[in-house]
Amino acid sequence: MYQREDPARSGGRSGRRRRRRSRLPLCTFLLAVLSFALAFTLPPEPEKDPQPPQAAAVRPIAAVSAPEPPLPPEPDAPDKSQWNLILANPWTPLDQTCTFTPQKLTNGLVVDQRCYPDLQAMMDACRGAGLSPVICSAYRSYARQEELYQNKVARLLAQGRSAEDAETEAARTVALPGTSEHQTGLAVDIVDMNNQNLDESQEDTAVQKWLMEHSWEYGFILRYPSGRSDLTGIIYEPWHYRYVGREAAAEIHEQGVCLEEYLAP
């Protein structure tokens, strides 16, 4: 049988439900108030000093010295024992055993056979330039050199020089026997056909100008250049050429030295 619900009971239950629902907003409100109050009562957290960013550690670069450039090799000292570099001057007499194979020129003079090809090439080139070179002296024997020296001494004595002075002066123009390059077969005296005087006027001839410029190309050097008499022991002779070989002649020409300086240790 259907029974009606007692209003008193139902009203009581619904009232209790309403009261429970009304407590939730109140709790929320109280929590909010409490949080707000705490926010103003608790001491603020101290601010931390901002730390500057740490710079990245830099490893010092070790100083690296550049390697020393290698020293250029020292040029090899000329070998004085070579036949073409034999030295003869007042302080360096020739070895009496010095010999060579003679080569006769068309005018009957003689030179060392080993220098003949370059001598012939030089003379041909000079003539090819329209000039007229003449070889007036080449190899001389010890006896011939002695004869020339004594003749020079006699002429100086005739001029009133003392014997000592005459011998000293003669040696400056005519080498003492045993010290003359002409005894090596490697020296020649060359003059211009238009001026065959053995004096300083030779330097102004066309032949000597050509030879002074080109002789080194053929292995010959002007043996007694101007301003070197204290080193060579012989006066300036712009007609006396000496064979030293093409390599040595090129170096002597480039360095602007005389043979004594070139061969110096």
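The first residue of the sequence shown is numbered 1, and numbering continues consecutively from there. Small disclaimer: the values here were computed from a predicted structure and weren't measured.
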Any non-hydrogen side-chain atom of Ile221 less than 4.5 Å from a side-chain atom of His253? no
With Pro102 via side-chain contact (heavy atoms from CB on, under 4.5 Å) - residues at least two apart: Phe100, Val110
State whether the side chain of Ser137 and the backbone N or O of Val188 hold a donor-acceptor pair below 3.5 Å, judged by distance alone. no
Going by an N to O cut-off under 4.0 Å, is there a salt bridge joining Arg223 and Glu260? yes
Distance check, rounded to the nearest 0.5 Å: Leu157 atom CG versus Lys152 atom NZ? 11.5 Å
So which atom in Leu85 and which in Leu263 form the shortest heavy-atom distance, rounded to 0.1 Å? O-CD1, 3.5 Å
How long is the straight-line distance from OG1 of Thr179 back to OH of Tyr142, given to the nearest 0.5 Å? 9.0 Å
If hydrophobic clusters are built by linking Ile, Leu, Val, Met, Phe, Trp and Tyr wherever their side-chain heavy atoms come under 4.5 Å apart, do Val111 and Met123 end up in the same one? yes
Do Leu94 and Thr184 have side-chain heavy atoms sitting under 4.5 Å apart? yes
Other residues, nucleotides and ligands only: do more than 12 of their heavy atoms fall within 6.0 Å of CD on Glu247? no
Which label fits His240 and His182: parallel for a plane angle under 30°, tilted from 30 to 60°, or perpendicular past 60°? perpendicular
For Tyr236 and Pro225, the nearest pair of non-hydrogen atoms, with its separation, is CD1-C, 3.6 Å
Report yes if some heavy atom in the side chain of Ile235 is under 4.5 Å from a heavy atom in the side chain of Glu169; otherwise report no. no
For Gln159, does the CD atom have more than 12 heavy-atom neighbours from other residues, nucleotides or ligands under 6.0 Å away? yes
Shortest non-hydrogen pair, Ile135 vs Leu105, comes out as CD1-CD1, 4.0 Å
Would the distance check show the side chain of Gln208 and the main-chain N or O of Ile190 forming a donor-acceptor pair, the cut-off being under 3.5 Å? yes
Would you give the length of the straight line joining atom CD1 of Ile86 to atom CG of Asp95, rounded to the nearest 0.5 angstrom? 7.5 Å
If you define the side chain from C-beta out and look only at heavy atoms, does anything of Thr101 sit under 4.5 Å from Arg114? no
Please round to the nearest 0.5 Å and tell me the distance separating atom CG of Leu109 and atom CG of Asn107. 4.0 Å
So, do Gln145 and Val174 sit near enough that their side-chain heavy atoms are less than 4.5 Å apart? yes
Please assess Leu259 against Glu181 for the test side chain to side chain contact (heavy atoms under 4.5 Å, CB included), listing each intermediate value before the final yes or no. CA-CA 12 Å; Leu259 186 59; Glu181 284 201 326; 4.1 Å; yes
Same cluster or not: Tyr224 versus Trp239, using hydrophobic residues (I, L, V, M, F, W, Y) connected whenever any side-chain heavy atoms lie under 4.5 Å apart? no
Please tell me whether Val207 and Tyr218 are part of a single hydrophobic cluster in this structure, the criterion being side-chain heavy atoms less than 4.5 Å apart. yes
Just jot down the side-chain contact (heavy atoms from CB on, under 4.5 Å) partners of Ser215, sequence neighbours excluded, or say none. Met122, Phe220, Tyr241
Does any pair with a residue in residues 149-172 pass ring pair (Phe, Tyr, Trp, His ring centres under 6.0 Å), and if so which ones, sequence neighbours excluded? none
Same apolar cluster: Trp210 and Met193, side chain cutoff 4.5 Å: no
Closest non-hydrogen contact found for Ala249 with Val244 is N-CG2, 3.6 Å
May I ask you to test the Leu148-Ser180 pair for a side-chain heavy-atom distance under 4.5 Å? no
With sequence neighbours excluded, residues passing side-chain contact (heavy atoms from CB on, under 4.5 Å) with Gln255: Glu251, Val257, Tyr262
Note: Glu237 and Thr173 closest approach over all heavy atoms is OE2-O, 3.6 Å
Restricting to side-chain contact (heavy atoms from CB on, under 4.5 Å), what partner residues turn up for Thr92, sequence neighbours left out? Leu87, Asn89
Short side-chain to backbone donor-acceptor contact, Gln202 and Asn195, under 3.5 Å: yes
Output for pair (Asn197 CG, Thr205 OG1), nearest 0.5 Å, gives 10.5 Å
When every non-hydrogen atom of Met212 is compared with those of Pro238, the smallest separation belongs to CE-CB, 3.6 Å
Selection residues 118-135 - residue pairs positive for side-chain hydrogen bond (donor to acceptor under 3.5 Å, both in side chains), sequence neighbours left out: Tyr116-Gln120, Asp118-Tyr243, Asp118-Arg246, Gln120-Asp124
Leu119 with Trp216, same ILVMFWY side-chain cluster at under 4.5 Å: no
Salt bridge between Lys209 and Asp192, side-chain N to carboxylate O under 4.0 Å? no
